[in-house]
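This report concerns only the one structure given below.
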Amino acid sequence: MEKDFLHKHLQLESPSVHCIGIGGIGVSAIAEYMLEAGFQVSGSDESYNSNCRRLEELGALIAPAGHRESNVPENCGAVVYTAAASNNNCELAKLLRQGATGWKRGEFVGEIALAYQRAVMITGTHGKSSTTAMLGWILTYAGKDPGLLLGAKYSDQSPRVSVGSGDILVAEADESDDSLGMLRGELALITNVDGDHAWTPQAEKKQQEILQRFARGFKNIIFMDSPRCTQLFGGLAAARALTAVEYAEYEKFVPEFMLGHERSNAVLALAGAEYLDVDLSIAAEALKKYPGIDRRLQEIYRSADGSITVVNDYAHHPTELASAIDVVRARYGADSSLLVVFQPHRYQRLHRYWDEFVALLSRPELTVKILPVFSAWEFQFIDALDSRQLTDAVKKAGGNAELLSGDHQQNALALAAEVLEKKAQAPLTVLIAGAGDVEKMVLPLADALKSGSTGA
């Protein structure tokens with residue numbers, strides 16, 4: 001069904017949108033959103049994945065893997081492209097020559113937001129996907145019919161995008177994207193600021209300036225109280241920190257099964273929901289039914305006797321990894337052995353947070369398996385620190401670490417055999433952590449554990 005308010009706002013010459021990088025989690029959300037809004041959607045990506053398959057099922061025209069001018073449909077009104085697309089991308093160049101309106105993904109989120117009466121944007125170094133998902137879930141449960149753009153997937157397969165009524169839009173805003181400073185709206189929710197994606201002091205200063213510009217684009221800002229957030233946003237008249245007293249009041253409505261950083265994400269979502277006129281008792285009911293999102297402390301497997309559990313998490317920054325480890329230990333018991341499989345994400349991140357990663361992964365209660373660095377398409381710079389060196393450093397610091405060098409299938413089978421061998425020492429929890437393609441070993445590991453033991 002067409003959503004007239006969005007068509008009227010965008011005013012495209014043709015209701016056809018081409019998406020470059022359509023298999024990515026962010027651009028695929030845009031594509032699904034535009035399909036729901038009644039637009040014709042086409043797209044391409046370097047590889048064909050499950051996101052592409054879903055979009056095809058919903059009616060999108062997905063080109064074979066790769067980028068080529070022939071992928072571009074005739075009479076296309078707009079092109080939305082991933083920030084990773086280069087300026088000389090042949091599809092992008094052709095569409096712009098033909099007069100199509102072009103937006104980077106982050107810019108297009110900002111354009112969509114202008115079509116709504118009240119746009120709510122959630123950003124921060126950690127927790128923005130979960131907070132966005134919780135707020136969207138609460139508003140939907142409360143009957144607010146919000147628009148939703150979520151850069152993750154609900155674990156129960158509930159829709160992660162919705163056009164809604166045109167009143168409220170809830171969207172995740174990527175703090176690593178320069179277009180963040182272009183966003184405007186009713187309410188900004190800021191989880192934290194931890195300097196990720198900024199590898200030099202100059203880059204960190206630029207990122208902070210963009211965050212401040214982002215905050216100034218909103219009528220109201222609510223941020224979690226911390227020294228860095230207070231430094232950046234405390235001087236803005238429209239901004240307020242959640243004080244310890246306010247936090248404690250909101251936390252009364254957070255379900256007990258949420259732990260650690262899950263609770264602070266929920267508190268910020270509750271503050272946003274209350275601002276949008278949702279009764280906190282209704283919000284609390286919604287959170288009790290919240291299914292979680294993929295790769296955020298997501299339980300993938302638990303043996304029938306409860307002795308072996310596999311958890312998948314997106315943690316790739318030392319703050320996130322430490323928090324994930326703490327929550328897993330709290331949730332599954334401090335007496336449960338914890339095996340962490342970690343895939344470092346980007347050489348620059350590993351370099352910047354080297355000391356923190358070594359200290360964390362050498363904790364005596366952990367058994368650690370380290371995968372090769374997922375480069376995320378960056379080049380390995382000369383003398384870059386790598387996973388082999390990380391493994392050696394963790395061992396030198398007294399930790400129990402091993403480098404895994406096989407492919408994900410091989411690693412999953414080897415790990416399953418090791419876990420089943422240790423079954424007598426159970427309970428055992430396996431935490432798979434990383435933002436790269438480490439998730440490709442999660443299901444093979446679970447399948448191998450299922451088939452490897454009648455008790456598993």
Side-chain angles (χ1 to χ4, degrees), residues 5-6 9-10 25-27 29-30 33 80 83 103-140 144-152 160-194 196-197 207-224 229 232-233 236-242 264-278 293:
F5 72 90
L6 188 62
H9 173 75
L10 293 176
I25 194 70
V27 178
I30 292 289
Y33 174 93
V80 179
W103 286 284
K104 284 185 181 179
R105 183 203 59 82
E107 294 170 348
F108 193 58
V109 171
E111 190 63 40
I112 288 172
L114 296 176
Y116 288 80
Q117 297 298 311
R118 296 183 287 175
V120 181
M121 300 283 178
I122 298 91
T123 197
T125 309
H126 319 296
K128 54 187 171 292
S129 294
S130 294
T131 305
T132 304
M134 289 179 188
L135 180 56
W137 183 268
I138 291 168
L139 293 173
T140 301
K144 295 290 187 179
D145 192 18
L148 177 63
L149 277 170
L150 175 60
R160 68 184 180 114
V161 302
S162 175
V163 177
S165 66
D167 177 18
I168 300 170
L169 172 70
V170 176
E172 182 177 344
D174 186 355
E175 90 288 355
S176 70
D177 192 326
D178 288 355
S179 62
L180 180 77
M182 301 170 60
L183 301 178
R184 301 289 182 269
E186 174 72 24
L187 175 65
L189 300 176
I190 303 173
T191 58
N192 45 64
V193 177
D194 204 4
D196 198 22
H197 300 285
Q207 185 185 70
Q208 291 178 358
E209 289 171 349
I210 291 171
L211 281 162
Q212 288 178 316
R213 192 159 67 246
F214 162 80
R216 286 194 293 267
F218 289 79
K219 295 177 183 177
N220 290 279
I221 307 106
I222 302 174
F223 62 89
M224 298 299 288
C229 281
L232 292 175
F233 314 117
L236 300 177
R240 72 177 180 93
L242 282 182
S264 59
N265 293 337
V267 163
L268 190 57
L270 286 166
E274 186 177 47
Y275 177 93
L276 295 166
D277 304 317
V278 176
I293 54 177

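This chain uses plain numbering: 1 for the first residue, then up along the sequence.
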Mutual orientation of the aromatic rings belonging to Phe5 and Tyr116 [parallel < 30°, tilted 30-60°, perpendicular > 60°]: perpendicular

Under a 4.5 Å cut-off applied to non-hydrogen side-chain atoms, are Phe214 and Met121 in contact? yes

Salt-bridge test for Asp167 and Lys144: reply yes if a basic N is under 4.0 Å from a carboxylate O, no otherwise. no

Flag the pair Val120 / Ile122 as yes when at least one side-chain heavy-atom distance between them is below 4.5 Å, and no otherwise. yes

Can you name the residues that form a side-chain hydrogen bond (donor to acceptor under 3.5 Å, both in side chains) with Asn192, not counting sequence neighbours? none

Do you know which two heavy atoms are closest between Leu169 and Ala113, and how far apart they sit? CD2-CA, 3.6 Å

With no hydrogens and no angle check, just 3.5 Å: does a side-chain donor-acceptor pair link Thr123 and Glu175? no

Closest approach of Arg105 to Asp174 (non-hydrogen atoms, all atoms of both residues): NH2-CB, 3.6 Å

For Ala237, does its backbone N or O pair with a side-chain atom of Arg240 as donor and acceptor, under 3.5 Å? no

Can you see which heavy atom on Ala115 is nearest to which on Leu6, and at what distance? CB-CD1, 4.0 Å

Which heavy atom of Gly272 sits nearest to which heavy atom of Leu189, and what is that distance? CA-CD1, 4.1 Å

With a 4.5 Å heavy-atom cut-off, do Trp103 and Val109 have their side chains touching? no

Please examine the side chains of Ile222 and Ile190, heavy atoms only from C-beta on, and report whether any two atoms are closer than 4.5 Å. no

Using a 3.5 Å distance criterion without hydrogens, assess whether the side chain of Glu111 forms a donor-acceptor pair with backbone atoms of Phe108. no

Just by modelled atom types, is the Ile168 backbone N or O under 3.5 Å from a matching donor or acceptor in the Arg118 side chain? no

Would you say that Leu242 contacts Leu268 through its side chain, given a criterion of any heavy-atom pair below 4.5 Å between the two side chains? yes

If you round to the nearest 0.5 Å, how far is CE of Met224 from OG of Ser264? 5.0 Å

So, Ser162 side chain and Leu148 main chain: donor-acceptor pair closer than 3.5 Å or not? no

Nearest heavy atoms of Val161 and Tyr33, plus distance in Å: CG2-N, 3.8 Å

Electrostatic pair Lys128:Glu172 at N-O distance under 4.0 angstrom: no

Identify the heavy atoms of Ala152 and Ile293 that sit nearest to each other, and give their distance. CB-CD1, 3.8 Å

